[in-house]
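Presented below is the structure to which this report refers.
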Amino acid sequence: MLAVGFRPRTIIEPFRVKVVEPLPRTTRAERAALLGRARYNLFAIRAAHVTIDLMTDSGTGAMSQEQWAAIMRGDESYAGSTSFFELEAVVRDLTGMRHVIPTHQGRAAERILFDALVGGAPGKIVPANTHFDTTRANVEAVGAEPRDLPLAEAHLPESEHPFKGNFDLVALRALLDEHAERVPAVVATVTNNSAGGQPVSLEHLRELRDLVDDYGVPLFLDCARFAENAHLVKLREPGQGERSTEEIAKEMFRLADGAWMSAKKDGLVNIGGFLALDDDALATRCRSALVLTEGFPTYGGLAGRDLAALAVGLREVLDEGYLDYRLASVRYLFEHLRERGVPLLGPPGGHAVYLDARRFLPHVPAAQLPGQSVAVALYLEAGIRTCEIGTAMFGHTLPDGTQATAPLELVRLALPRRVYTQSHVDYVAEAVGYVFERAGELGGYRIVDEPPALRHFTCGFERTGAA
Ligand code: F0G
């Protein structure tokens, strides 16, 4: 017998593989031709031509055997589906909220909620730590103004603040002091996707609760990645390490008046979402809107089997072995890239690693889309698909033809849940390192045609210089 038992430092994938899906392989010459045909827009590349797809962690995860078993048991009744009641019980237990309204994905919940909260009233303002793009668009669609009030550190890629998802509470208080009656809700996005998948601390959520109570304004969670947020709280927040992640998650929800979820992330499903509310009148308004475009309140745009898989996913996601592995895989990629000197947005968050394209390509000005250049190079060299989150996505072309640039030029490497193994991640780190060592050879891009809104999905690009 060994005197000291084995204490592994390697965090292994907490699953083994039962069904395999071949990875598409292409040659560099094929990828060069495909990029030309796609006009260098990675959204126009077919998945069959992508070897490692890090475009998003949304709806791209692998379900467990328990979820597939639940799919078989899904109850497809139009009204009163058993699968709905399974989901309702899980969401009530998690959130403490009585009304559970299923939607086909997060943005459907956003549309219904903001319509019900704002109802066409003029002059409303919705503050958030940072609105995700669809949240912003849905707030605007009902005539209200989305206002992002993140912590100052959120704009500093090199800051290692452990809770960069927090609000600037001074700015939020100032807004509420002046305009509380114009604010139908405050939104905390957990984790803060648009600011790098960074968590919001529990202490901060408690302060936020006290603050909104001073003004009688409700607090909503956009909780797409609530479990990753809760586990980052457990790992990083003083005093939280001894609690279970489930307990932390439950407290997060109990500090809010309502929540909506894109279940395609921490629901561990490929499609789904919900609204969880405690306000009877608001829930009635939301259910009426749901019936118009999503479906009857016990399925809300989903099949019974989708509801059943989500009920299982919401429990599985709080398994701390899974969450240790999940956060370790993000941290692993982050650390291997940092060792290679690759400039990153720190610290590692919950679902993705973000390259800082301004420092990656210091010779390419923001108006020449350095993030797009890095993303194209990663696809060309290694068949890896990532997503530019910078001026192509958030900038716009001014009347004189120049670019209004974004605050940050990032490239997001989002890790799908339970899909890629450590050797896939090693391959990604090697490829990014290879491109970074040769970054001086890369040039910029310009947009050659663009639609009026959400241009990054469909616009065409061309190179501004030789490379
Ligand atoms: N809220 C957050 C924080 C999100 O990240 C997303 C989606 C949504 C809401 C919208 O949910 O896609 O189910 O309608 N984020 C994806 C991404 C698309 O790639 O980060 P949805």
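We're numbering straight along the sequence, starting at 1. Just follow the structure's listing: the first ligand is 1, and inside any ligand the first atom is 1. Keep in mind that this is a model prediction, so the values were computed, not measured.
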query: So, Asp306 versus Tyr299: side-chain donor-acceptor pair below 3.5 Å or not?
result: no
- prompt: Does any donor atom in the side chain of Glu13 or Thr421 lie under 3.5 Å from an acceptor atom in the other side chain?
  reply: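 Side-chain D/A pair, Glu13 to Thr421: absent.
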task: Output the set of protein residues with a heavy-atom contact under 4.0 Å to ligand 1, ordered first by chain identifier and then by residue number.
output: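 If the criterion is a heavy atom under 4.0 Å, then ligand 1 touches Thr56, Ser58, Gln105, Gly106, Arg107, Glu110, Phe132, Thr134, Thr189, Asn193, Asp222, Arg225, Ser262, Lys264, Lys265, Arg412.
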message: Could you walk me through whether Arg209 and Glu207 satisfy the salt bridge (Lys or Arg N to Asp or Glu O under 4.0 Å) test, starting with their C-alpha distance in whole Å, then the side-chain angles of each, then the deciding distance to 0.1 Å, before giving a yes or no?
response: CA-CA 5 Å; Arg209 176 76 254 165; Glu207 284 168 11; over 6 Å; no
Near-ring test Phe253/Phe226, centroid separation under 6.0 angstrom: yes
task: Mind listing the closest non-hydrogen atom pair of Glu228 and His351 along with its distance?
output: OE1-CB, 3.5 Å
- line: Result for salt bridge (charged side-chain N to carboxylate O under 4.0 Å, His left out) between Asp93 and one of Arg315, Arg98, Lys250 points to Lys250
